[in-house]
Number of protein chains: 2
Amino acid sequence: MSSRDSAPPGAARLPVTVDVVALTVADGALQVLLVTRLVEPFRGALALPGGFVLPGETLPQAAARELAEEAGVEPPGHLEQLRTYGPLGRDPRGPVLTVAHLLLAPAFGVLAAGSDAERAEWVRVDELAGRSLAFDHARILADGVERARAKLEYSTLATAFCGAEFTVAQLRAVYEAVWGTRLDPRNFHRKAISTPGFLEETGRVTRGGTGRPAVLYRLGPAAGRAAGLDPDDAPASVPAVLNPPLMRPSAP
Amino acid sequence: MSSRDSAPPGAARLPVTVDVVALTVADGALQVLLVTRLVEPFRGALALPGGFVLPGETLPQAAARELAEEAGVEPPGHLEQLRTYGPLGRDPRGPVLTVAHLLLAPAFGVLAAGSDAERAEWVRVDELAGRSLAFDHARILADGVERARAKLEYSTLATAFCGAEFTVAQLRAVYEAVWGTRLDPRNFHRKAISTPGFLEETGRVTRGGTGRPAVLYRLGPAAGRAAGLDPDDAPASVPAVLNPPLMRPSAP
DNA sequence: CGTCTTCGTGTCAACCTGACGATAAGGGGT
DNA sequence: ACCCCTTATCGTCAGGTTGACACGAAGACG
């Protein structure tokens, strides 16, 4: 018998949460926003920011609200859905479905925790090896990092880690931090410049830094800018303009 | 205040469904399994097979059960999660969360609908242009097809459409059907053969067909075979062994 | 005015792709 | 047995892309 009847007979009504893997690049390293849990279960453990979806909320809205509550700011950057986990075997209190999201953003400061808010902080991903997270958040984080690494290969998403204007060297630093590798500056420069629609010259250059000044670019027309908090968060929102892709080096 | 308390205060408990984009290649075309709805809403309309998640079920279990109920068979092939579609604005009865899945399988027969079961049938994707599906299933289907097209580029998933043993020409036919393009048989053969770990010779050849007999292959060791109904459906279950990828031709 | 540092351009071999010719190996008709 | 048709597999070759690396450009600093 078909089970899409108007009144689901034995259908489960599940509590639904959103968890956010918020990544940024700072100090030359990939960092993730984590909170210290103040309540059971997993009290005192590190966890991804997140919480229950409220009635009348869309998923991106819930993700943005939780980020705002726990980091204290309206986060910029690119937000996309990552994957759904559950509902069994991931919360000791019972079945819970969680829709994980991925946020790629320029470094932004987190508000010091006020009163009962969970304390949020940036943690270097490479220093999390071995440390355990609450729930199944270690796996969700691993999936998010892998998604980010893969997306840099064939999309222009690396620019989501940069500000509005950036140099080719800053963009390269993003790739190096996310992939954990070193890239040849000259070859990277050639690929970035020669990819049509990737970078758009602003006409301005950096000033005051050490070494020769660098030309400033912004994200070119080929990429759909500002996927931001698009309520209809399209999966193909970032087109694959890097064709052929910029591949991460496999073996050293 | 943090909202991951043990008793969610105003947290929504949502009905959750799974919908399955089941794709196969038959008659040289990409086809999708659709059912005709027998109940409101969208009575009489075409829809993806799917239904409510039952208590105590995992998501892949629910997807497999719905497929079995509506197609009448235990489907083989590769099942993976596609994406979750938000609770708002997609079902006239109210908020419903649906976790869409993607099944890539060799052609299998669907049981003629028994009694009250919805009638399931294979429909060519290219003949669906313009026709509308129930709920937001048109968009889910589009996302699933796009995911399948993209995955063929850098993974060995095309073999999920084939049986245990197949020829290079059959594999090429899968690419041509999914991408809707023609590929040069000689260049495709070279790429498929020269990719390490992709194909493994069985030592046997086809018999009886027209033309020169072809060598039979099976999926090589580089790919994690049988992602099937893995309860812990890993997202990175299919490694990117096609490096550099096999790119679909862009513009003629 | 050197020197240091980083930015940007050029060069070159190795590799990969797309286009396409050539050969191999069956089946079917005469 | 032979020709012909079809499909599979192997080669060849020009053009584009990558990785490695030399070299000039342009500011900061002593």
Side-chain angles (χ1 to χ4, degrees), chain A residues 28 152-154 162 165-177 179 181-218 240-252, chain B residues 28 152-154 162 165-177 179 181-218 240-252:
Chain A
L152 290 208
E153 288 195 329
Y154 58 88
C162 303
E165 299 190 353
F166 50 87
T167 68
V168 175
Q170 287 167 353
L171 189 62
R172 173 168 50 84
V174 166
Y175 277 87
E176 293 180 336
W179 287 348
T181 61
R182 308 289 301 181
L183 297 174
D184 184 286
R186 295 147 309 187
N187 292 337
F188 181 87
H189 187 274
R190 174 183 51 184
K191 176 75 174 176
I193 290 296
S194 68
T195 298
F198 190 6
L199 299 182
E200 198 173 38
E201 228 167 313
T202 65
R204 299 193 301 160
V205 296
T206 56
R207 301 186 48 82
T210 173
R212 173 176 173 177
V215 177
L216 280 167
Y217 296 88
R218 67 174 142 263
V241 292
L242 265 51
N243 203 304
L246 177 60
M247 278 167 308
R248 37 183 159 169
S250 46
Chain B
L152 292 207
E153 288 195 329
Y154 57 87
C162 303
E165 298 189 355
F166 49 89
T167 68
V168 175
Q170 288 168 353
L171 189 62
R172 175 168 49 84
V174 166
Y175 277 87
E176 292 180 334
W179 286 349
T181 62
R182 308 290 302 180
L183 298 175
D184 185 284
R186 298 154 294 194
N187 292 338
F188 181 87
H189 187 274
R190 175 182 54 188
K191 176 74 174 177
I193 290 296
S194 68
T195 297
F198 191 6
L199 299 182
E200 198 174 39
E201 229 168 313
T202 65
R204 300 193 302 158
V205 296
T206 54
R207 301 186 48 81
T210 172
R212 173 177 172 177
V215 176
L216 280 166
Y217 295 88
R218 66 173 142 263
V241 293
L242 263 50
N243 204 305
L246 177 60
M247 279 168 304
R248 38 184 159 168
S250 46

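Chain A is the first sequence line, chain B the second, and so forth, proteins listed ahead of strands; every chain is numbered from 1.
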Nearest-Å distance for atom pair CD/P, residues A:E176 and C:dT6: 12 Å

Between C:dT17 (P) and B:M247 (CE): distance, integer Å: 7 Å

Any donor-acceptor pair under 3.5 Å from B:T195 side chain to B:L242 backbone: no

Short side-chain N/O contact from A:R172 to OP1 or OP2 of C:dC7, under 4.0 Å: yes

Spacing of B:Y154 atom OH and A:M247 atom CE [to the nearest 0.5 Å]: 14.5 Å

Nearest heavy-atom neighbours spanning B:V168 and B:H189: CG1-CD2, 3.7 Å

5' priority, DNA chain C, between B:P244 and B:P213 [closest heavy atom]: B:P244

Whole-Å distance separating the CG atom of B:N243 from the C1' atom of D:dG19: 14 Å

Phosphate-side-chain proximity, B:K191 and C:dT17, N/O vs OP1/OP2 below 4.0 Å: yes

Per A:A214 side chain, nearest of listed nucleotides D:dT9, D:dT18, C:dC7: C:dC7

Rounded distance (Å) that lies between atom P of C:dG18 and atom CZ of B:R248: 14 Å

Most 5' of B:T210 and B:L246 on DNA chain C, judged by nearest nucleotide: B:L246

Euclidean distance, atom NE2 of residue A:H189 to atom P of D:dA25 [Å, nearest integer]: 16 Å

Which atom of B:E165 lies closest to which atom of B:R218, heavy atoms considered: OE2-NH1, 4.3 Å

Sugar-phosphate only, base, or nothing, as touched by B:R190 at under 4.0 Å among non-hydrogen atoms: base

For atom CG of B:L216 and atom P of C:dA25, their distance in whole Å: 17 Å

B:F188 CZ to D:dT9 P, straight-line distance once rounded to whole Å: 12 Å

Length of the CG-P vector between A:D184 and C:dT6, whole Å: 14 Å

Contact summary for B:N187 and B:R190, nearest pair of heavy atoms: OD1-NH2, 3.1 Å

Any N/O donor-acceptor pair, B:R186 side-chain to C:dG21 base, under 3.5 Å: yes

Polar side-chain contact B:R212-D:dA8 base: donor and acceptor under 3.5 Å: yes

